[in-house]
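Working notes, structure below.
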Protein chains: 2
Amino acid sequence: MSASLKLSTAVKAVHCLARAYPEPLSSTEISGMTGINASQLRLILSMLAKAGIIQSMQGAGGGFILNMTPDQINLQQLYCAIETRKAFHLAVSGNHEQIPLNKKINTYFLDLFEDIQRDIESKMETISLADVIQKVETHY
Amino acid sequence: MSASLKLSTAVKAVHCLARAYPEPLSSTEISGMTGINASQLRLILSMLAKAGIIQSMQGAGGGFILNMTPDQINLQQLYCAIETRKAFHLAVSGNHEQIPLNKKINTYFLDLFEDIQRDIESKMETISLADVIQKVETHY
DNA sequence: AATAAATGTTACACTCACTACAACAGTTAG
DNA sequence: CTAACTGTTGTAGTGAGTGTAACATTTATT
C-alpha cells in the first residue's frame with residue numbers, strides 16, 4: 001500500500017476510535033463504518049499498536065482503543081508508524097551508474113529528495129489528529 | 001516514467017547540452033554520454049523544447065541546444081515541463097466515498113497533498129541548473 | 001475445557017502503471 | 001534525393017500496489 005493511502009486509512013480508523021473512546025472497536029466494526037476491508041485495517045492497526053499510538057486487545061470482546069488523546073497524536077507519528085516506502089518516491093535513472101556523471105547526479109537527486117522528505121515530515125509533525133478531526137468536521 | 005526519474009534524466013541531458021553549448025547535440029550523442037536510451041531522451045527533450053527551455057532542430061545536422069543559460073533554468077521549470085503526474089503521489093482510500101466521513105477525509109488529504117506539492121515546487125524553484133552543475137562538480 | 005470472538009500474519013490473484021525499447025513517420029540540410 | 005535528424009506511437013515484459021481470503025494465535029465467557 002502506498003504511504004499516502006495508508007495514512008488516510010490510518011486517520012479514518014483512528015478517527016473512529018476517537019469517537020468510540022473509551023469503548024474498543026473491532027476491525028469488523030471499523031470496517032462497517034469506513035467500508036475498508038477488515039484485514040487491511042488490521043494490518044495498519046497492528047502497526048499503530050506497535051508504535052504505541054493505539055492499544056490492541058486480542059480475544060473475545062477485544063478490539064482497538066486509543067492510547068493517546070487526539071491532540072497528542074500527529075500525522076508524522078502515524079506516517080512513521082506505517083511507512084514502508086518514502087512519500088516522495090525517489091527514483092533516479094536506473095542503472096547507468098558506470099558513467100561517473102550519472103552517478104554524481106543520481107547522488108545529488110537522492111540527497112535532494114531526502115531533503116524534501118524531511119520537509120514533508122516536519123510539516124506533518126505540526127498537524128495533530130485533533131486538528132484533522134476539527135477541520136474535517138467544520139470546514140468540509 | 002515517474003516525475004523524479006524524468007527530472008533526473010532531464011537534468012543529465014541538459015547538463016550535456018550546457019557543456020556542448022553552443023554546439024547542438026543529437027539524441028544519439030546524448031545517449032552515448034549518459035547511457036540513456038535515445039528514444040526516451042527524445043521524449044523528454046521534446047517536452048523541454050515545447051516549454052522553450054531548449055531548442056530542437058530537425059533534419060540532418062540538427063539536434064538540441066540550450067535556449068537559456070544554466071542560471072536562468074530552475075528545477076521547477078524542468079519539472080513543470082515534463083510533469084505528467086504529481087511528485088507526491090496522492091492516493092487516498094479508493095472508492096468508499098458513499099460514506100460521508102470518508103469523502104471528507106479524502107478531501108482533506110487531497111488538499112494537504114496539494115499543499116505539500118506546492119511546497120516541493122517552491123523549493124525546486126530556488127534551485128537553478130547552474131547550482132546543480134556547480135554542486136555536482138565540486139561536492140561529489 | 002470448550003467455544004466463540006478477536007487479532008496477527010501470510011499468501012495470493014489481479015490489475016495496472018512503469019520501463020525500456022523499437023519502429024516509423026515527418027522534417028531538413030547538403 | 002539521400003542521409004541524418006526529431007517526433008510520436010506502440011508494445012512486450014516486469015514489478016509494485018490492491019484487495020481479499022485464509023488460517024494461526026490469543027483470550028473472554030460459560
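Note on naming: letters A, B, ... go to the chains in the order of the sequence lines (proteins, then strands), and numbering restarts at 1 for each one. As the structure is a computational prediction, the values presented were derived from the model and not from experiment.
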Between CD of B:Gln40 and C1' of D:dT11 the distance, given in whole Å, is 14 Å
From CG of B:Leu45 across to P of D:dT8 the rounded distance in Å is 12 Å
Side-chain atoms of B:Phe64 come closest, of D:dT8, D:dT6, D:dA3, to D:dT6
Respond yes when some side-chain nitrogen or oxygen of B:Lys50 is under 4.0 Å from OP1 or OP2 of D:dT6, and no when none is. no
When rounded to whole Å, the CG to C1' distance for the pair B:Leu43 and D:dT9 reads 9 Å
- Query: Can you check side chain to side chain contact (heavy atoms under 4.5 Å, CB included) on B:Lys6 and B:Leu78, steps first, answer last?
  - Reply: CA-CA 9 Å; B:Lys6 283 200 290 193; B:Leu78 293 176; over 6 Å; no
### Query
For residues A:Glu125 and A:Ser122, is any side-chain donor paired with an opposing acceptor at under 3.5 Å?
no
Side-chain contact check for B:Arg42: nearest option of C:dA5, C:dA6, D:dT6 is D:dT6
Exactly one candidate in A:Arg118, A:Lys123, A:Gln117 meets side-chain hydrogen bond (donor to acceptor under 3.5 Å, both in side chains) with A:Glu121; the answer is A:Gln117
A:Ser27 side chain N/O closer than 4.0 Å to the phosphate oxygens (OP1, OP2) of C:dT7?
yes
Report task. Verify the contact: side-chain N or O of A:Gln58 to OP1 or OP2 of D:dT25, cut-off strictly under 4.0 Å; return yes or no. Result -> no
Rounded to whole Å, the CG-P distance (B:Leu5 to D:dG15) equals 16 Å
B:Ser46 has its side chain closest, among C:dT9, C:dT19, D:dG7, to D:dG7
Atom CD of B:Glu29 and atom C1' of D:dC5 are separated, to the nearest Å, by 11 Å
From CG of A:Leu41 across to P of D:dA21 the rounded distance in Å is 14 Å
Between CD1 of A:Ile44 and C1' of D:dT18 the distance, given in whole Å, is 12 Å
What about B:Ser39: does its side chain form a donor-acceptor pair under 3.5 Å with the base of C:dA22?
-> yes
Residues at least two apart in sequence or cross-chain that pass salt bridge (charged side-chain N to carboxylate O under 4.0 Å, His left out) with A:Asp71, listed by chain then number, are none
To the nearest angstrom, the CG-P distance between B:Asn37 and D:dG10 comes to 18 Å
B:Lys50 meets the salt bridge (charged side-chain N to carboxylate O under 4.0 Å, His left out) criterion, sequence neighbours left out, with none
Would you tell me if any nitrogen or oxygen in the side chain of A:Thr28 comes within less than 4.0 Å of OP1 or OP2 on C:dA6? no
